[in-house]
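To find a chain, count down the sequence lines: A is the first, B the second, and so on, and within it residues start at 1.
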There are 2 protein chains.
Amino acid sequence: MTKPPVTIRDVARLAGVSVGTVSKALNGYGQLREQTRDAVRNAAERLGFRPNDLAQSLLRKRSFTVGLISTDSYGRFSIPVLEGIESALEPTRLSVFLCRADDPVRERRHVDSLLAKRVDGIIVTGRRTDRRSPVDLGGASVPVVYAFAQVADPRALCLLPDDRGGARLAVDHLIGLGRRRIAHVTGPVDFEAVRKRRQGFRDALAAAGLRGRAGHVLTGAWSEAFGREAAQYLAGLRPAIDAIFCGSDQIARGVIDSLRETGVRVPDDVAVVGFDNWDVIAAATRPPITTVDMNLHELGRQAGLRLLDMIDGPRPSGVECLPCRLVVRQSCGAATGASADILPEHHDGAYAA
Amino acid sequence: MTKPPVTIRDVARLAGVSVGTVSKALNGYGQLREQTRDAVRNAAERLGFRPNDLAQSLLRKRSFTVGLISTDSYGRFSIPVLEGIESALEPTRLSVFLCRADDPVRERRHVDSLLAKRVDGIIVTGRRTDRRSPVDLGGASVPVVYAFAQVADPRALCLLPDDRGGARLAVDHLIGLGRRRIAHVTGPVDFEAVRKRRQGFRDALAAAGLRGRAGHVLTGAWSEAFGREAAQYLAGLRPAIDAIFCGSDQIARGVIDSLRETGVRVPDDVAVVGFDNWDVIAAATRPPITTVDMNLHELGRQAGLRLLDMIDGPRPSGVECLPCRLVVRQSCGAATGASADILPEHHDGAYAA
DNA sequence: ATCGCAACGGAAAACGTTTTCCGTATAGGT
DNA sequence: ACCTATACGGAAAACGTTTTCCGTTGCGAT
């Protein structure tokens with residue numbers, strides 16, 4: 001029922017030449033008459049010949065494959081990274097093996113399996129609350145890049161978004177718009193990202209000569225509900241605050257919804273900036289959220305490119321922070337009409353049966 | 001710099017036996033003294049030997065690998081399917097090659113590449129607006145399963161969520177709660193899912209002897225904004241409607257937000273049911289949305305299992321619809337307190353500096 | 001002692017390529 | 001006619017396994 005795939009031998013037979021000649025003809029090698037080459041190409045074409053990558057890789061000692069280990073279940077963060085990696089690998093002939101490894105033992109198994117498949121490199125992605133332990137290569141000398149994941153091992157190469165710089169970007173923007181009493185509502189402090197963003201927040205205040213108030217930094221869950229709760233608290237403060245920098249777009253949405261329903265105008269009374277640029281949230285909020293984009297696609301792309309370099313080149317190490325970018329929508333009060341940075345929620349209200 | 005991986009020959013040398021013996025010892029084959037077996041295992045252990053899967057696959061004519069082609073960029077639909085597939089493959093020693101193929105030419109390239117790697121099977125996933133053309137295997141006889149994707153080829157096996165049944169579930173539920181004047185707000189009609197869900201909506205009304213009104217089915221964008229717009233329109237209708245079945249959770253959220261702000265109570269005045277169970281939306285809405293879950297994880301798992309069967313078994317074909325499931329939260333007015341089906345948004349409002 | 005039979009483990013083929021090396025024509029020069 | 005250089009294409013090794021087949025060895029039974 002399942003007929004065997006056509007091999008180079010079949011092509012050779014049909015073309016009336018030896019297998020070596022087929023290989024040369026198809027790969028543009030050696031000294032062959034154009035006529036022979038054509039005959040072979042023809043035979044290959046007619047048979048629908050695909051060289052067996054397995055055999056090729058075995059010989060070449062390269063699989064033209066990279067492994068991708070994603071800790072944390074694929075979520076809104078992993079995906080852009082994934083896409084970025086693919087976009088870097090796409091122009092090469094490399095393909096990617098995907099593994100999800102929620103726990104260390106599964107990760108171990110997957111790494112083993114990748115090694116057994118002789119992958120040319122491994123990218124580890126997926127941020128946990130804190131730095132992870134390095135993958136155990138068991139003596140194999142395969143390049144590894146950590147993307148959106150930080151590892152203790154100083155010999156590893158890690159690519160991370162510049163959370164601190166991103167926060168700085170956001171708060172500088174608010175300050176530039178004349179806001180002076182700025183609060184920060186963010187996630188659980190056991191996330192390193194939370195601590196870094198808070199640092200960026202403080203950097204910006206300090207740089208502008210503003211004094212941060214202890215009661216102006218609120219940490220809680222990464223949820224709209226917490227955003228609403230925090231907004232209620234902040235709205236009661238006197239003297240009133242005039243801006244809120246949120247640690248995530250979900251929080252920002254909760255904050256904005258709550259303020260609006262309390263009668264506080266956003267951005268007029270209080271400007272709000274979020275983090276993540278999760279556009280399902282950010283663009284659907286009223287007003288749409290100005291937010292920090294971590295450029296995760298680009299981060300993934302860089303990870304792919306770096307790995308490519310490392311496959312047959314030097315193996316750099318260290319932690320690299322890639323810059324974030326501010327996406328200006330309307331919740332900060334800066335956008336006037338249709339700026340290029342405004343990404344409106346797609347909408348065409350066609351009614352029909 | 002990159003030292004060559006340890007081969008079975010190295011192990012044989014260290015253990016003082018032949019390569020064949022190593023293979024037998026490690027795979028529990030043949031007749032060997034326990035002592036020999038141990039010696040080999042020891043040597044392998046000490047060297048950190050990993051059999052080269054490439055060589056193995058070449059010989060076995062099986063790569064223990066399946067290809068996964070995801071049309072449409074990985075989104076909230078692809079991911080649960082992906083995870084489901086992985087959960088089915090996880091207990092086997094199969095790994096998955098991931099390819100994203102936005103356009104036909106890329107898809108072509110990826111399929112070629114997968115075939116060259118002699119994958120044992122291919123799963124195609126990712127719903128477009130309508131049925132896609134089958135992947136071109138170019139004569140190879142590799143089993144293919146379409147998951148969350150429908151193809152014209154009648155010899156193909158397609159797994160789809162039962163959109164029509166899911167809609168029926170939702171509307172039956174509303175009717176069971178005593179609602180009689182039910183509207184339907186949904187996405188663009190060029191989606192087959194939209195047409196199927198609308199059919200389910202009508203089925204349910206008809207089964208209950210209710211008359212559907214033309215003006216009660218509104219189609220537009222898959223957006224909160226459209227939901228709000230539609231809600232405004234429906235709220236003005238007299239006699240008043242008492243329930244809305246929405247084609248997506250995003251639409252439902254827009255509907256609910258808009259109703260609440262207009263002073264219409266949900267679920268008391270108007271009950272709302274959504275579709276997708278996208279919990280970032282559904283659980284964060286006030287009140288949390290009762291919604292239809294397409295069981296995409298299970299669908300992916302089934303796809304994986306079916307492919308496993310097809311790899312060395314018969315190759316069934318046809319379209320199979322897997323049942324949806326209603327997740328009851330509060331927007332329909334059925335939930336009383338903490339039902340097992342209520343999935344509250346995680347939230348712990350701890351304040352801190 | 002001789003035979004037979006297990007038990008053990010080695011040798012070699014096979015998988016499908018690539019690539020090096022070599023043999024044979026053919027052509028060109030004297 | 002002979003030598004040589006070149007063009008062409010075949011033979012075979014190599015990649016790292018698995019598995020079949022066969023040769024030894026040692027043992028117990030006659």
Side-chain angles (χ1 to χ4, degrees), chain A residues 2-41 43-44 47-65 93 113 115-120 140, chain B residues 2-41 43-44 47-65 93 113 115-120 140:
Chain A
T2 66
K3 60 176 174 309
V6 16
T7 76
I8 199 173
R9 226 176 293 279
D10 301 323
V11 179
R13 193 162 25 238
L14 179 60
V17 296
S18 74
V19 293
T21 303
V22 173
S23 179
K24 288 176 211 162
L26 261 26
N27 299 317
Y29 244 79
Q31 322 213 64
L32 272 58
R33 270 177 305 174
E34 201 50 38
Q35 172 192 338
T36 319
R37 240 176 251 283
D38 277 346
V40 171
R41 272 199 279 263
L47 261 37
F49 171 67
R50 293 257 104 223
N52 184 333
D53 275 358
L54 265 36
Q56 249 179 53
S57 303
L58 183 57
L59 198 54
R60 297 226 175 117
K61 295 161 155 316
R62 283 226 14 211
S63 59
F64 291 94
T65 283
R93 42 166 305 202
S113 155
L115 258 27
K117 292 190 154 53
R118 299 296 187 261
V119 292
D120 299 335
Chain B
T2 67
K3 60 177 177 304
V6 17
T7 76
I8 198 173
R9 226 176 293 280
D10 301 323
V11 179
R13 192 160 26 237
L14 179 59
V17 297
S18 74
V19 293
T21 304
V22 173
S23 178
K24 287 175 211 161
L26 261 27
N27 299 317
Y29 245 81
Q31 323 212 64
L32 270 61
R33 268 179 306 172
E34 201 49 39
Q35 172 192 338
T36 319
R37 239 177 251 283
D38 276 346
V40 171
R41 271 198 280 262
L47 262 38
F49 171 67
R50 293 258 104 224
N52 185 332
D53 274 359
L54 265 37
Q56 248 179 57
S57 302
L58 183 58
L59 198 54
R60 296 227 176 113
K61 296 160 154 318
R62 280 217 28 202
S63 59
F64 291 96
T65 283
R93 42 167 304 201
S113 155
L115 292 175
K117 292 191 154 51
R118 299 297 187 262
V119 292
D120 299 335

Engineer: What pair of heavy atoms forms the shortest contact from A:Asp10 to A:Pro5, and how long is it?
Structural biologist: OD2-O, 4.2 Å
Engineer: Closest to the A:Gln56 side chain: D:dT17, D:dG9, C:dT18?
Structural biologist: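 The nucleotide sitting nearest to the side chain is C:dT18.
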Engineer: Report yes if the side chains of A:Arg93 and A:Asp53 come closer than 4.5 Å at any heavy-atom pair, otherwise no.
Structural biologist: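 Touching, per the 4.5 Å side-chain cut-off.
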Engineer: With respect to the side chain of B:Thr21, which nucleotide from D:dT19, C:dG9, C:dT18 is positioned closest?
Structural biologist: C:dG9
Engineer: Please tell me which of B:Lys24 and A:Val22 maps to the more 5' nucleotide of DNA chain C, matching each residue to the nucleotide holding its nearest heavy atom.
Structural biologist: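 Looking at the nearest nucleotide for each, B:Lys24 comes out on the 5' side.
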Engineer: Counting only distance, no hydrogens or angles, is the base of C:dG16 paired donor-acceptor with the side chain of B:Lys61 under 3.5 Å?
Structural biologist: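 Per atom types, no contact qualifies.
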Engineer: Side chain of B:Pro51 only, heavy atoms from C-beta on: which candidate in D:dC15, C:dC15, D:dT17 is closest?
Structural biologist: D:dT17
Engineer: The side chain of A:Thr36 is closest to which nucleotide in this list: C:dT17, D:dG9, D:dG10?
Structural biologist: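 The listed nucleotide nearest to A:Thr36's side chain is D:dG9.
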Engineer: So what does B:Thr7 hit on the nucleic acid, given a heavy-atom distance under 4.0 Å: a base, only sugar-phosphate, or nothing?
Structural biologist: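 Touches sugar-phosphate only.
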Engineer: If you check every side-chain atom of B:Arg9, which of C:dA7, D:dG9, D:dG16 has the closest atom?
Structural biologist: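 Nearest nucleotide to the side chain: D:dG16.
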Engineer: Select from A:Arg37 and B:Leu59 the residue whose nearest nucleotide in DNA chain D is closer to the 5' end of that strand.
Structural biologist: A:Arg37
Engineer: Which one, D:dT18, C:dC8, D:dG9, comes nearest to the side chain of A:Arg33?
Structural biologist: D:dG9
Engineer: Does some side-chain heavy atom of A:Asn52 sit less than 4.5 Å from a side-chain heavy atom of A:Thr7?
Structural biologist: no
Engineer: Go through it in stages, so that I can follow the logic: the residues are B:Val22 and B:Val17, the test is side-chain contact (heavy atoms from CB on, under 4.5 Å), and I'd like the CA-CA distance, side-chain angles, deciding distance and then a yes or no.
Structural biologist: CA-CA 7 Å; B:Val22 173; B:Val17 297; 3.7 Å; yes
Engineer: Please determine if a side-chain N or O atom of B:Tyr29 lies less than 4.0 Å away from the OP1 or OP2 oxygen of D:dT19.
Structural biologist: yes
Engineer: Would you mind telling me which of C:dG9, D:dG16, D:dG9 lies closest to the side-chain atoms of B:Leu58?
Structural biologist: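 Closest nucleotide among those given: D:dG16.
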Engineer: Contact class for B:Asn27 vs. all strands (heavy atom < 4.0 Å): base, sugar-phosphate, or nothing?
Structural biologist: sugar-phosphate
Engineer: Kindly point out which of D:dT19, C:dG16, C:dG9 is positioned nearest to the side chain of A:Ala55?
Structural biologist: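 Closest of the options to the side chain of A:Ala55: C:dG16.
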Engineer: On the nucleotide D:dC15, are OP1 or OP2 found under 4.0 Å from the side-chain N or O atoms that B:Asn52 carries?
Structural biologist: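 Checking D:dC15 against B:Asn52, no side-chain N or O comes under 4.0 Å of OP1 or OP2.
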Engineer: Distance check needed: C:dG16 P versus A:Asp10 CG, whole Å only.
Structural biologist: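 In whole Å, C:dG16 P and A:Asp10 CG are 9 Å from each other.
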Engineer: Using every non-hydrogen atom in the two residues, find where B:Arg37 and B:Gly28 come nearest and quote the distance to one decimal.
Structural biologist: NH1-CA, 3.5 Å
Engineer: Looking only at the side chain of A:Gln31 (C-beta and beyond, no hydrogens), which of the listed nucleotides C:dT17, D:dC8, D:dG16 gets closest?
Structural biologist: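 For the A:Gln31 side chain, the nearest candidate turns out to be D:dC8.
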